[in-house]
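Read the structure below first, then the notes.
Just so it is clear, the structure is predicted and the values come from calculations on it, not from any experiment. Note on naming: letters A, B, ... go to the chains in the order of the sequence lines (proteins, then strands), and numbering restarts at 1 for each one.
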Amino acid sequence: MKAHLTHLFEQALEQLKKDGLFSADTDVLPQINHTRDARFGDFACNLAMQLAKPAKQNPRVLAEKIIAALPASEHVDKVEIAGPGFINIFVHKASRFAVINQILEQKADFGRSQIGQGQSVQVEFISANPTGPLHVGHGRGAAYGAALASLLRSAGFQVSCEYYVNDAGRQMDILATSVWLRYLDFCGESFAFPSNGYQGDYVQDIAATLHRENAGLYHHAATAVFADVPADAPDGGDKELHIDGLIKNAQQLLGDKGYRAVFDLALNTVLADIKRDTQAFGVNFDQWFSERSLTESGIVEKSVNTLKEKGFTYEQNGALWFRSTEFGDEKDRVLVRDDGRTTYFASDVAYHLNKLERGFDKLINIWGADHHGYVPRVRAAMTALGAEADKLTVLLVQFASLWRGKEKLQMSTRSGEFVTLRELRKEVGKDAARFFYVLRKSEQHMDFDLELAKSRSNDNPVYYIQYAHARVSSVFRQLQARNLVWLHDPAALESLNNEYEQALLTRLSKYGNVVETAAKAYEPHQIAYYLRELANEFHTFYNAHQFIVEDEDVRNARLSLIEAVQQVLRNGLAILGVSAPDEM
RNA sequence: GCGCCCGUAGCUCAGUUGGAUAGAGUGCAGGCCUCCGAAGCCUGAGGUCACAGGUUCGAUUCCUGUCGGGCGCGCCA
């Protein structure tokens, strides 16, 4: 409908240009918008106001000329000039009902759009280090990424979801060493656990498994383990040097094979847990991409060499640097450390190159806001390597600060002080958690109060929307109990006249547009707000009128309407990853 | 110090490439079940859109500055 109206105004505009009202190169395009108040009709066009200046005429006078030039249309009932020069369009009654037929025919496909034109998009999100279970801080990225992916699918993109597994690097070494030390505990060794080690219970669990399956295989005396290790922080030493010393000793005492066995057990256990967790959260990945595989296949080395050959690197203090400042970054970055190991950044350069080689038209990375300084250097490297950096979009998700009532909680995987995503899910449920996370726009800071989410979960807006869905199902159960049947009769829709029915028709007709604007802006929260409004209008209608009435035409028409409402609620909730129950 | 994000009702937040009288939830005050589910509906009070300039027919929206909050500025990941 919107496209149809836009076309009408384009024709009117062409006509006025021919009439010489203003020059032919005026590059104003007609904009048709849904009105927010029924008094202003169904759609409004502000063309007259936009043209007022180039045409040097009063917008209201101009509006009359535009209307005069407007071709006739079977869908348009009347047009009016209002306010400073808005042209309000009232759609013909029969055209307003058409949306119900569309919804009932297209069902789950209603609202799908083709703006994506089948382009392939990769969405990479969460990608938390596999050094511990996912916590509530990761939940926001998880819910946002998953909702964005299905939103883009609805908009006609081919979407692939990926989790980048940081299974190489120092953090993983710290985890492996932490597990091994707990294992030595089980072997009867006694020592102070490093302050910088991973302290969570899950580390103990992995160590217990290691001990159960390999009783004494990795046992070494504490004196050997702590030999030549610098003092820990509480004893006046440095916690980083302390843990690095322990890692080094672990690698030497266990040997390559033994160390790798401990390392892999820790990695695989944590990763398996993360996979179970995301799945239970309704978040599914097409690909789990290993950072280690990049190093092992030599792709990282290749990327670094390419940068070197192209002359974008230099050596300083024994390290190899990338001249990212030449590409807009604020300082140059290290690719290879003075000890010969490549940096995380080097892996990431290779990773993004690899993504493009896999043929995606568009790459979307969802990162925590703390990584924003990282964006320019990745783009810099892609540009330097001749890759199309503009295919990459980085969406930053602001932190959710976690509160328990008035107390702000710290979220540190290292200290073991965190609330896991699993705990949250068990407390408030998957649906409420998914909805709550995605209700805020991603770049907005967010306070997540556990007390509120847990103790008053019934007040969560998700139930309000699900309740509307369940109520429709309930009406149809009631219909059956009274031995009546619903027949969708397009002709009967004529009887939908009252303000409640008209409001719902208007709302339903906006759905496709909401999906498109939400997808273009990467803002799934727009769907959530739309659904709340739709549910609100449905509840209001429900309280004001009976659906199962004597008059057969009215009954069938109202049932067709609420069936359509339920379908749209279901489609929208599906995008957000929230279930649509038939009873609650 | 520099960079990014944010500042809208008591609280938590929407506000569609700038548009008509700035909206929800929650909290507060009151009303609605003999009637398809009251996890619902209706009414009311509640605002200097942080502040000051600028751009224009028109600014919560765009630009500049000030104030306030968050984050980043590693040979960590």
Side-chain angles (χ1 to χ4, degrees), chain A residues 29 31 33-37 39-40 44 46 49-50 52-53 58-59 82-86 88 127-129 131 166 168-172 174 240 291 316-321 330-331 333-339 341-345 347-348 368-376 396 398-399 401 439-447 449 452 456-461 463-464 466-468 470-479 481-482 510 513-514 516-518 520-521 523 525-526 528-530 532-533 535-536 538-549 558-559 562 583-584:
Chain A
L29 290 173
Q31 295 170 24
N33 291 307
H34 286 279
T35 55
R36 64 172 176 204
D37 193 315
R39 286 177 300 136
F40 301 137
N46 63 355
M49 273 130 64
Q50 288 181 292
K53 202 174 183 186
N58 181 310
F86 287 103
N88 291 336
S127 299
N129 285 351
T131 52
N166 301 131
R170 183 163 170 265
Q171 296 306 322
M172 283 306 300
I174 296 177
E240 305 291 349
E291 179 189 357
Q316 188 181 309
N317 300 334
L320 185 72
W321 295 71
E330 49 186 32
K331 54 174 79 169
R333 309 292 172 179
V334 172
L335 290 165
V336 184
R337 299 180 178 97
D338 56 6
D339 62 4
R341 287 152 56 228
T342 52
T343 58
Y344 173 81
F345 172 57
S347 295
D348 231 12
D370 54 338
H371 281 65
H372 68 78
Y374 199 75
V375 180
L396 298 171
Q398 290 292 330
F399 273 8
S401 29
L439 195 56
R440 274 114 186 78
K441 181 164 82 166
S442 61
E443 63 263 36
Q444 180 72 253
H445 295 278
M446 167 180 180
D447 287 330
D449 187 342
L452 198 72
R456 301 168 49 192
S457 57
N458 274 358
D459 290 338
N460 193 307
Y463 295 103
Y464 182 85
Q466 288 180 319
Y467 183 44
R471 261 186 159 175
V472 175
S473 296
S474 175
V475 170
F476 280 93
R477 282 194 296 271
Q478 190 61 225
L479 186 75
R482 296 187 199 176
K510 290 180 184 175
N513 198 243
V514 170
E516 281 189 8
T517 50
K520 279 184 202 160
E523 289 181 351
H525 77 272
Q526 288 191 28
Y529 281 90
Y530 171 87
R532 223 219 89 89
E533 282 160 0
N536 176 25
F538 168 76
H539 285 310
T540 303
F541 181 34
Y542 183 97
N543 272 65
H545 290 281
Q546 290 276 309
F547 305 149
I548 305 175
V549 292
R558 287 184 178 167
L559 291 173
I562 66 169
E583 49 191 319
M584 307 172 58

For [X] and [N], is the shortest distance between a side-chain N/O and OP1 or OP2 below 4.0 Å?
X        : N     : value
A:Arg337 : B:A77 : yes
A:Tyr464 : B:C41 : yes
A:Arg471 : B:A38 : yes
A:Thr343 : B:A77 : no
A:Thr517 : B:U16 : no
A:Lys331 : B:C2  : no
A:His525 : B:G15 : yes

Between A:Gln171 and A:Thr131, a side-chain donor and acceptor under 3.5 Å: no
message = Could you measure the distance from the CZ atom of A:Arg532 to the OH atom of A:Tyr529? Nearest 0.5 Å is fine.
response =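 The CZ atom of A:Arg532 sits 10.0 Å away from the OH atom of A:Tyr529.
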For [N], the Watson-Crick or wobble counterpart (both distances under 3.5 Å):
N     : result
B:G37 : none
B:U64 : B:A52
B:C4  : B:G70
B:G46 : none
B:A24 : B:U12

